[in-house]
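So you know, we letter chains A, B, ... as the sequences are listed, proteins then strands, and number each from 1.
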Number of protein chains: 2
Amino acid sequence: MVKKDISDTQIIKTAFKILSINGTAESLSIRKIAAELDISVSTFYWHFANKQALLQAMADDVMAEVLIEPSTEAWDVQIKAIFMAIYQTYLKYPYAAELMILTVPATKIRLRLINQLIQILLDAGFAPDKSSLVIESIDHFITGLFADIANEVRLKNCALTSQDNYMRELVGQMQSIAQENHYDAFLSTFDQHQHVQLASEPKFMLGLDIFLAGLKQQLPHHN
Amino acid sequence: MVKKDISDTQIIKTAFKILSINGTAESLSIRKIAAELDISVSTFYWHFANKQALLQAMADDVMAEVLIEPSTEAWDVQIKAIFMAIYQTYLKYPYAAELMILTVPATKIRLRLINQLIQILLDAGFAPDKSSLVIESIDHFITGLFADIANEVRLKNCALTSQDNYMRELVGQMQSIAQENHYDAFLSTFDQHQHVQLASEPKFMLGLDIFLAGLKQQLPHHN
DNA sequence: ACCTGAACACCGTTCAAGT
DNA sequence: ACCTGAACACCGTTCAAGT
């Protein structure tokens with residue numbers, strides 16, 4: 001009927017709001033956004049081509065927050081700093097990793113970041129193909145890590161729906177199966193795995209450090 | 001009405017069939033399985049508690065195919081061999097990685113595998129907490145890699161629906177944005193990235209080797 | 001023990017129609 | 001240029017009822 005002056009930004013903002021409430025990206029729906037903004041579902045489609053387009057815009061917004069200062073440090077220090085900045089942003093927005101998995105880096109902001117990372121490795125003397133493979137590898141690692149964390153957070157937080165109760169039972173099952181079969185190596189790490197959940201920073205740092213150490217070692221042989 | 005003698009195994013088999021046709025896990029629905037088997041949707045729920053339970057069973061079936069022989073080799077050779085076996089299985093079933101992301105390793109088969117990996121690191125002299133973190137890291141890496149590959153395969157294969165056309169456009173956008181902004185480092189790796197797609201084995205091996213090299217280096221300082 | 005139909009509460013997307 | 005209602009073609013899950 002009347003113009004409601006809904007902007008793209010408003011839709012994105014509402015989407016983030018919904019996402020931050022129940023954590024996981026699958027809980028975000030166009031219909032919920034429409035209800036929250038008190039607009040018709042079809043109005044959404046005037047502002048965005050489809051749901052994917054919205055996710056792209058959201059992913060871009062998240063990555064825009066990653067701050068990177070130019071640096072003259074060694075290549076591995078630079079790489080580490082950038083991924084730590086990405087890590088910090090992912091920590092702030094628990095759904096960020098999921099958003100990256102669901103989207104494609106087809107925006108200026110995200111491509112600049114990738115370009116920057118590859119450039120650092122090129123400057124360090126790595127071959128082009130190797131450089132991009134390495135960046136992809138770290139990206140896979142960090143995305144996988146956060147997908148895992150997001151999953152675990154989902155398991156802990158919501159014991160509400162029957163679905164999530166089922167998932168909680170599964171975690172209980174893990175322990176009892178491990179005990180029955182004497183999977184002692186697994187059990188020795190299980191308890192702590194249950195408690196140090198949110199201290200994921202050492203987890204991330206460790207993996208990143210190991211990878212960079214291995215990479216450093218490879219350099220003299222390949223340029 | 002009449003008994004149709006539908007077994008759990010039959011449902012799983014049909015689910016795999018549907019999954020292998022259109023690749024991605026989101027295309028799998030209980031309603032499609034029911035239609036294919038010519039049973040009522042509600043019949044499914046007599047055989048499985050819910051969709052998650054089906055996915056758990058499927059994930060377990062996939063991992064059951066990972067063959068691991070006992071070995072007396074060095075720890076890093078053993079670890080590599082196991083992850084290569086996992087890699088081979090994931091290659092065979094393109095939806096396997098997605099299945100692992102969506103499920104929890106709450107079964108005898110999957111827990112045994114994790115236990116085995118941790119045990120190898122414990123025997124090598126790593127501390128329990130570090131051992132499990134390392135295994136998780138590699139797991140994140142491999143899962144992330146395959147999620148990425150699955151995504152790319154999806155982009156290439158299906159140019160059918162409007163959704164996928166939109167995604168294809170995005171890939172085109174990546175290139176033009178990179179060109180406009182002179183993201184040369186990115187561009188230098190883009191072309192080859194487009195062609196050597198399915199040769200992901202070197203990609204995987206490289207990442208794994210780098211990680212293991214870094215890990216090896218850390219050992220003397222930490223036990 | 002095994003299967004069904006009908007219903008409930010959701011989705012994303014399209015499109016002719018309104019102002 | 002911006003918004004709507006109604007429809008289409010999907011989902012997962014439940015439950016009383018059938019054999």
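Look at A:Thr43 and you'll find a side-chain N or O under 4.0 angstrom from OP1 or OP2 of D:dT4. A:Ser29 has a side-chain polar atom (N or O) that falls below the 4.0 Å cut-off from OP1 or OP2 of C:dC11.
If you take CD of B:Gln10 and P of C:dC3, they are 9 Å apart, rounded to a whole angstrom. The CG-C1' distance, from A:Leu54 to C:dC11, rounds to 15 Å in whole Å. As rounded to whole Å, 20 Å separates atom P of C:dG18 from atom CH2 of A:Trp46. Separating the CD1 atom of A:Ile30 from the P atom of D:dC10 is a distance of 17 Å, rounded to the nearest angstrom. Look at OH on B:Tyr166: it is 15 Å from C1' on C:dT13, rounded to the nearest Å. The nearest whole Å value for the distance from the NZ atom in A:Lys32 to the C1' atom in C:dA9 is 12 Å. Spacing between atom CD1 of A:Ile33 and atom C1' of C:dT13 amounts to 14 Å, rounded to whole angstrom units. Rounded to whole angstrom, the span from the CD1 atom of B:Ile39 across to the C1' atom of C:dC2 amounts to 11 Å.
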>> Does B:Phe44 form a ring pair (Phe, Tyr, Trp, His ring centres under 6.0 Å) with B:Phe48? I'd like the steps, not just the answer.
In response: CA-CA 6 Å; B:Phe44 171 87; B:Phe48 292 93; 5.5 Å; yes

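Listed nucleotides: D:dG12, C:dT14, C:dT4. Nearest to the side chain of B:Tyr45: D:dG12. Here C:dG5 is the nucleotide among C:dG5, D:dC2, C:dC3 with the atom lying nearest to any side-chain atom of B:Ser40. For B:Asn50, taking side-chain heavy atoms from C-beta onward, the closest of the listed nucleotides D:dT13, C:dT4, D:dG5 is D:dT13. Taking only side-chain atoms of B:His47, from C-beta outward, the nucleotide of C:dC3, C:dT13, D:dG12 with the closest atom is C:dC3. In this structure, of D:dT13, D:dC15, C:dC15, it is D:dC15 that holds the atom nearest to the side chain of B:Ser42.
B:Ser27 is listed as a side-chain neighbour of B:Lys32, based on a closest heavy-atom distance under 4.5 Å. Inter-residue side-chain proximity for B:Ile79 and B:Leu121 is flagged as met; some heavy-atom pair is nearer than 4.5 Å.
Taking the C1' atom of each, D:dA17 and C:dA1 are spaced 15 Å apart, rounded to whole Å.
Here B:Leu28 lies in heavy-atom contact (under 4.0 Å) with sugar-phosphate atoms only.
Between A:Phe16 and A:Tyr95, the ring planes lie tilted relative to each other; the angle falls in the 30° to 60° range.
Contact detail for B:Ser131 and B:Ile118: the closest heavy-atom pair is CB-CG2, 4.0 Å.
Taking the six-membered ring for Trp and the full ring otherwise, the centers of A:Tyr87 and A:Phe204 sit less than 6.0 Å from each other.
Nucleotides of DNA chain C nearest to A:Phe44 and B:Arg31 differ in position, and the one nearer the 5' end is that of B:Arg31.
A donor-acceptor pair shorter than 3.5 Å can be found between the side chains of A:Arg110 and A:Thr103. The closest side-chain donor-acceptor pair between B:Gln119 and A:Tyr183, if any, does not fall under 3.5 angstrom.
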>> Show me the dot-bracket string of DNA chain D, counting Watson-Crick or G-U pairs under 3.5 Å, with | for pairs to another strand and [ ] for crossing ones.
In response: ||.|||||...|||||.||

